Amino acid sequence: MSRSMSKVGLFAAVRRDARAGLSGRQIALKYRISRNTVAKALEQAWPEPRKQMEPRTSRLDTFKPVIDEMLRADLDAPRKQRHTAKRIFARLLDEHQAAEVSYQMVRAYVARRRGEIKIEAGRGPPQAFVPQSHRPGVEAEVDFGDVTVRIAGEQVKCFLFAFRMSYSGKAVHRIFATGGQEAFFEGHVHAFGVLGGLPTGKVRYDNLKAAVAQVLGFSRARKETERWTAFRSHYGLEPFYCQPGVTGAHEKGGVEGDIGWFRRNHLVPVPEAASLAELNEMIDLWDLQDQARRIGSRAHTIGEYFATEQPLLRPVPQEPFETGLLLPVRVDRYSQITVRTNRYSVPARLIGRPLRVMLHASELIVYDGSESVARHERLFAKASCRLELDHYLEVLIRKPGALPGATALEQARAAGKFTPVHDTWWAAACKAHGDRDGTRALIEVLLLARHIPTEYLVAGLAAALRAGALTADAVALEARKAAEDDRPLPVSPAESAHDGTSPVTFLTQRRLAQLPRDTRPLPSVAVYDQLLKHARPAGERPAQGGNT
């Protein structure tokens, strides 16, 4: 018998040779099998199944009824006081002297029998899943997932919001610096804008703190947060809260799987972006591209299914909902406010004042009454600070010695707002006027940034540096000239220092140049000639004592 021939193939060959006239002895010799095997092959085309060996006895067989009794007792025991495999093994050693039994044998038996005993006692069927069908435009699912990205060269942990339509599989994603309520609301608003409508039926949620204040017992009743109740009432959302834990995750498996798919296919390797806004623009493009893919074995793409679903969505309310959270704060003596463990600067004139902060998912806006006094991008890490150099200029003009070591100056350099041109002009001003006066001149220049765009101010610094004009007035004049001429920013401080193509114009000359052309004739001074002495004849000497 060939090693590559199966037993079914062998029986077929034996029966074929028998029909060809070969005897049983010849067939047995040909295939090197017994005459009994030839006889069985001639009796039936399908070989009999191999006989199963009787299970071998085990040293655990004697103790299996004891283990089963322990597991049955666990059915009515408190959840946290049930037998583990280790405890069962210890009891077998102490109470039944089962020295010949190993822990691995007990663990394998308990893992198999625990579920069987539960089913035998009628405490629950084996875990099974029921396929679901969804009507177009009716249901949706929402969830958060944590992701890691690189923002401005720094690796940070962020939160991926996903809103997925159950029928088409169309999902809208957004990355936020936080997973709080403000991000939860902004994610919904963004999804409604992209989808062009809202689902007409239920939206499935976890028991997120942004929406659920308390889970009431073992039912699906929930005590909601007040702002979430107002939000869903504004948009007419009907929430469906899943069960806590892994069981609830299966009730919204579509969005759970979508977050995993999106993370593996679009966030590997770790994406890099200059800001969250730039990263979310990339995500919007990826969501648009994903409409061309098929989910599983579906007949059509996500985009084709969504084209059917989109006209059935409810319209979005015209009146917007304020997704930000309004918080009261007070400015400390460092001209900073504290929001969610992080510190942000405000203008120094507000020290000691109570203010209000509108906290959004990606930024915060500080208000003094109805006036916006500061705006910051939200920080990722905890116990961090974000300071604006402009907020401290009124203090620094009185304390110029505090500028070189100021944290706000360090952050301005890192953000590119304080350029090498600033540093070069500052060093030249300090050399010309001394450290105190040179630093004050720089601060006066920085104050100009409140009225002159930064690019023109840097161009004015570069022009003043080339001409050796190290005063704030000269910089202001050159910055305004650059704005009028729309002159581009110099390439480097070295080029700015050595290129003398744009000299500084004195203020008087510039004002005269702006006057209209004078077309009047030049005045005559002929009438004043009579005041002059008449010329003496040649050789005549003046009278003694007379004027020469």
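None of these values were measured; they are calculated from a predicted model.
- The stretch residues 59-69 participates, sequence neighbours left out, in these salt bridge (charged side-chain N to carboxylate O under 4.0 Å, His left out) pairs: Asp61-Lys64, Asp68-Arg113.
- Scored by the side chain to side chain donor-acceptor pair (under 3.5 Å) test, Arg298 finds no partners at all (sequence neighbours excluded).
- Residue pairs that meet the salt bridge (charged side-chain N to carboxylate O under 4.0 Å, His left out) test with at least one member in residues 239-249, sequence neighbours left out, do not exist here.
- Side-chain contact check for Gln336 and Ser345: no donor-acceptor pair (N or O, by modelled atom type) lies under 3.5 Å.
- In this structure, the side chain of Tyr334 does not engage the main chain of Ile351 through any donor-acceptor pair within 3.5 Å.
- Applying the ring pair (Phe, Tyr, Trp, His ring centres under 6.0 Å) definition to pairs two or more places apart or across chains, those involving residues 268-290 are His266-Trp286.
- In this structure Glu48 satisfies the side chain to side chain contact (heavy atoms under 4.5 Å, CB included) test together with Gln44, sequence neighbours excluded.
- At least one donor-acceptor pair closer than 3.5 Å links the side chain of Ser335 to the backbone N or O of Val346.
- Here the CD1-NZ distance, from Ile33 to Lys7, works out to 10.0 Å after rounding to the nearest 0.5 Å.
- Checked against the 6.0 Å centroid threshold, Phe161 and His173 do not count as a close aromatic pair.
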Donor-acceptor contacts under 3.5 Å from residues 92-100 side chains, at least two apart:
unit_1, atom_1, unit_2, atom_2, d
Glu95, OE1, Arg91, NH2, 3.1
Glu95, OE2, Arg91, NE, 3.0
Gln97, NE2, Asp94, O, 3.4

Is there a side-chain contact (heavy atoms from CB on, under 4.5 Å) between Tyr344 and Val339? Walk through the geometry before answering.
CA-CA 8 Å; Tyr344 303 88; Val339 181; 4.1 Å; yes
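- Of all heavy-atom pairs spanning Arg82 and Pro78, the tightest one is CG-O, 3.2 Å.
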Table please: side-chain donor-acceptor pairs of residues 315-331 below 3.5 Å, with sequence neighbours left out.
unit_1, atom_1, unit_2, atom_2, d
Glu322, OE2, Gly324, N, 2.9
Arg330, NH1, Gly352, O, 2.8

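- For Phe192 and Phe163, the distance between ring centers is under 6.0 angstrom.
- For Phe159 and Phe176, the ring centers sit 6.0 Å or farther from each other.
- Partners of Asp284 by salt bridge (Lys or Arg N to Asp or Glu O under 4.0 Å), not counting sequence neighbours, listed by chain and number: Arg174.
- Remark: Gln155 CD to Glu272 CD distance equals 9.0 Å, nearest 0.5 Å.
- Residue pairs meeting the side-chain hydrogen bond (donor to acceptor under 3.5 Å, both in side chains) criterion with at least one member in residues 197-208, sequence neighbours excluded, are His188-Tyr205, Asp206-Lys252, Asn207-Arg222.
- Sorted by first and then second residue, the side-chain hydrogen bond (donor to acceptor under 3.5 Å, both in side chains) pairs with a member in residues 370-381 read Glu182-Arg378, Glu363-Arg375; sequence neighbours excluded.
- Leu195 and Met165 get closest at one heavy-atom pair: CD1-SD, 4.0 Å.
- Around the CD atom of Gln289, the shell of radius 6.0 Å holds more than 12 heavy atoms that belong to other residues, nucleotides or ligands.
- Every pair passing side-chain hydrogen bond (donor to acceptor under 3.5 Å, both in side chains) that includes a residue from residues 226-243 is listed here, sequence neighbours excluded: Gln181-Arg227, Glu224-Thr229, Glu224-Arg232, Glu224-Tyr241, Trp228-Tyr241.
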Side-chain donor-acceptor contacts of residues 210-217 below 3.5 Å, not counting sequence neighbours, with atom names and distances?
none

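- Within 6.0 Å of CZ on Arg112 lie more than 12 heavy atoms contributed by other residues, nucleotides or ligands.
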